[in-house]
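Report on the structure given below.
Since the model is a prediction, treat every value here as computed from it, not as a measurement. FYI, the numbering just counts along the sequence from 1. Only heavy atoms go into these numbers, but all of them, side chains included; no hydrogens, no water, no symmetry mates.
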Amino acid sequence: TVHENIEKDPQKLVEYHNQLDLLRSRWNIDPVNVIADKINNLRIPANVIMKLVIGDFGSGRCRLADLLRENKVHCFDHDKILDKRITPCNMKHTGLKANSLGIAVFSQSLMSVDWPDYIKEAKRTLAKNGYLIIAEVTRTLKKSDEDSQGEGRLYKLKEVLENEGFSLEDEDPRDRFTFITAMKK
């Protein structure tokens, strides 16, 4: 799995994020910025938003934590080689207490074949009526005949969310990305 490979060689995570940074420089929008804006513009009072605890699943360089400094942000990734704030883990087992988050975020981090287990962990850690915000490349959400590693690998995402007890609040396609906001029932 991705987690086992990175445990063996954390430099692979650095290489991946170096490549991602090159791609990011060519994007019209950055998903992390959009997610931070979505959090800051939730339909709840700003003083409540600042008190929400956020779990950033696949945090990479912890950019969301940098953008949302007033919030407590738990950063999870496969290794802490990118940032000392990261709790290294397989994101299907973060170690957080149940119902401890107000918001769970996946920004282009539903990658392994066990990504549905990441959603289950987000559900476990989210409080009732907690928000799940996902950003993915739109083509990964569309059904295709290609194998599970290629285009369309997340086309069952909405079905998984529904089966896990999330209600879809918003689906927002922007540029090459789709942003999904769901709420834990």
Side-chain angles (χ1 to χ4, degrees), residues 1-3 31-60 62-78 85-138 140-143 152-174 177-185:
T1 67
V2 172
H3 183 71
V32 174
N33 295 334
V34 174
I35 290 170
D37 288 342
K38 285 183 172 293
I39 290 170
N40 285 323
N41 292 304
L42 290 171
R43 294 182 188 154
I44 53 180
N47 64 326
V48 174
I49 291 172
M50 292 184 322
K51 293 178 183 175
L52 292 174
V53 178
I54 300 168
D56 187 0
F57 292 72
S59 61
C62 301
R63 293 179 60 241
L64 188 63
D66 292 338
L67 292 170
L68 300 172
R69 293 183 187 273
E70 295 186 18
N71 293 84
K72 178 172 179 63
V73 179
H74 293 281
C75 299
F76 301 106
D77 215 315
H78 300 287
R85 295 173 287 181
I86 292 172
T87 299
C89 64
N90 184 329
M91 288 174 285
K92 62 184 181 179
H93 301 294
T94 62
L96 280 180
K97 291 181 183 177
N99 307 311
S100 61
L101 297 177
I103 302 172
V105 172
F106 291 93
S107 181
Q108 302 178 92
S109 55
L110 295 173
M111 292 188 178
S112 284
V113 294
D114 56 354
W115 65 263
D117 292 332
Y118 298 177
I119 299 294
K120 289 177 184 176
E121 178 67 354
K123 177 187 174 188
R124 186 190 70 77
T125 60
L126 277 169
K128 184 176 181 184
N129 298 322
Y131 292 93
L132 175 62
I133 301 175
I134 299 170
E136 281 295 336
V137 176
T138 300
T140 67
L141 300 170
K142 294 183 178 179
K143 187 174 183 176
R153 67 184 169 78
L154 297 174
Y155 80 92
K156 291 187 176 184
L157 177 61
K158 288 185 221 170
E159 181 182 319
V160 169
L161 292 175
E162 185 178 308
N163 289 341
E164 288 301 323
F166 287 96
S167 63
L168 185 64
E169 300 291 310
D170 185 51
E171 185 174 344
D172 179 11
R174 294 191 197 185
F177 303 99
T178 297
F179 299 86
I180 295 172
T181 303
M183 184 178 283
K184 179 180 172 181
K185 299 177 190 174

Quiz item: With no hydrogens and no angle check, is any side-chain donor or acceptor of Asp77 less than 3.5 Å from a backbone partner on Gly60?
Solution: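 Checked: pair present.
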Exercise. Would you confirm whether Lys184, through its side chain, and Gly130, through its main-chain N or O, come within 3.5 Å as a donor-acceptor pair?
Key: no
Look up atom [atom1] in [X] and atom [atom2] in [Y], then write down how far apart they are to the nearest 0.5 Å.
{"X": "Arg153", "Y": "Leu141", "atom1": "CZ", "atom2": "CG", "answer": "8.5 Å"}
{"X": "Asp56", "Y": "Cys75", "atom1": "CG", "atom2": "SG", "answer": "5.5 Å"}
{"X": "Glu164", "Y": "Asp117", "atom1": "CD", "atom2": "CG", "answer": "9.0 Å"}
{"X": "Glu136", "Y": "Ser109", "atom1": "CD", "atom2": "OG", "answer": "6.5 Å"}
{"X": "Ile133", "Y": "Thr181", "atom1": "CD1", "atom2": "OG1", "answer": "5.0 Å"}
{"X": "Met183", "Y": "Leu161", "atom1": "CE", "atom2": "CG", "answer": "13.5 Å"}

Side chains of [X] and [Y]: closer than 4.5 Å at any heavy-atom pair?
{"X": "Ile134", "Y": "Ile119", "value": "yes"}
{"X": "Pro88", "Y": "His78", "value": "no"}
{"X": "Thr140", "Y": "Val137", "value": "yes"}
{"X": "Leu126", "Y": "Asn99", "value": "no"}
{"X": "Leu52", "Y": "Ile44", "value": "yes"}
{"X": "Lys92", "Y": "Asp114", "value": "yes"}
{"X": "Leu110", "Y": "Leu157", "value": "yes"}
{"X": "Leu42", "Y": "Val48", "value": "no"}

Exercise. Kindly indicate, with the supporting measurements, whether the criterion side-chain hydrogen bond (donor to acceptor under 3.5 Å, both in side chains) is fulfilled by Thr125 and Ser100.
Key: CA-CA 5 Å; Thr125 60; Ser100 61; 5.7 Å; no
Practice problem: Please report the C-alpha distance between Ile86 and Cys62 in whole Å, then the side-chain angles of each, then the deciding distance to 0.1 Å, and finally whether the side-chain contact (heavy atoms from CB on, under 4.5 Å) criterion is met. | Solution: CA-CA 8 Å; Ile86 292 172; Cys62 301; 3.6 Å; yes
Of all heavy-atom pairs between [X] and [Y], which one has the smallest distance, and what is that distance?
{"X": "Lys51", "Y": "Asn47", "result": "CG-O, 3.4 Å"}
{"X": "Leu101", "Y": "His74", "result": "CD2-CD2, 4.0 Å"}
{"X": "Arg63", "Y": "Asn33", "result": "NH2-OD1, 4.2 Å"}
{"X": "Gln108", "Y": "Phe177", "result": "OE1-CE2, 3.6 Å"}

Exercise. Using a strict 4.0 Å threshold on nitrogen-to-oxygen distance, state whether Asp66 and Arg85 make a salt bridge.
Key: yes
Quiz item: Do NZ/NE/NH1/NH2 and the carboxylate oxygens of Glu121 and Arg124 come within less than 4.0 Å?
Solution: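 So Glu121 pairs with Arg124 through a salt bridge.
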Quiz prompt | Pair Leu68-Asn40, side-chain contact (heavy atoms from CB on, under 4.5 Å): steps then yes or no | solution = CA-CA 9 Å; Leu68 300 172; Asn40 285 323; 3.6 Å; yes
Practice problem: Please step through side-chain contact (heavy atoms from CB on, under 4.5 Å) for the pair Val105 and Val32, ending with a clear verdict. | Solution: CA-CA 10 Å; Val105 172; Val32 174; over 6 Å; no
Exercise. Report the C-alpha separation of Ile39 and Ile49 in whole Å, then their side-chain angles, then the decisive distance to 0.1 Å, and conclude whether the side-chain contact (heavy atoms from CB on, under 4.5 Å) test is met.
Key: CA-CA 7 Å; Ile39 290 170; Ile49 291 172; 4.0 Å; yes
Exercise. Give every residue pair that meets the ring pair (Phe, Tyr, Trp, His ring centres under 6.0 Å) criterion with at least one member in residues 31-60, sequence neighbours excluded.
Key: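 Non-adjacent pairs meeting ring pair (Phe, Tyr, Trp, His ring centres under 6.0 Å): Phe57-Phe76, Phe57-Phe106.
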Pair up each side-chain donor or acceptor in residues 166-173 with any protein partner under 3.5 Å, not counting sequence neighbours, and list the distances.
from: Ser167; atom 1: OG; to: Glu169; atom 2: OE2; distance (Å): 2.8
from: Glu171; atom 1: OE1; to: Lys158; atom 2: NZ; distance (Å): 2.7
from: Glu171; atom 1: OE2; to: Lys158; atom 2: NZ; distance (Å): 3.2
from: Asp172; atom 1: OD1; to: Arg174; atom 2: NE; distance (Å): 3.4
from: Asp172; atom 1: OD2; to: Lys38; atom 2: NZ; distance (Å): 2.9
from: Asp172; atom 1: OD2; to: Arg174; atom 2: NE; distance (Å): 2.8
from: Asp172; atom 1: OD2; to: Arg174; atom 2: NH2; distance (Å): 3.0

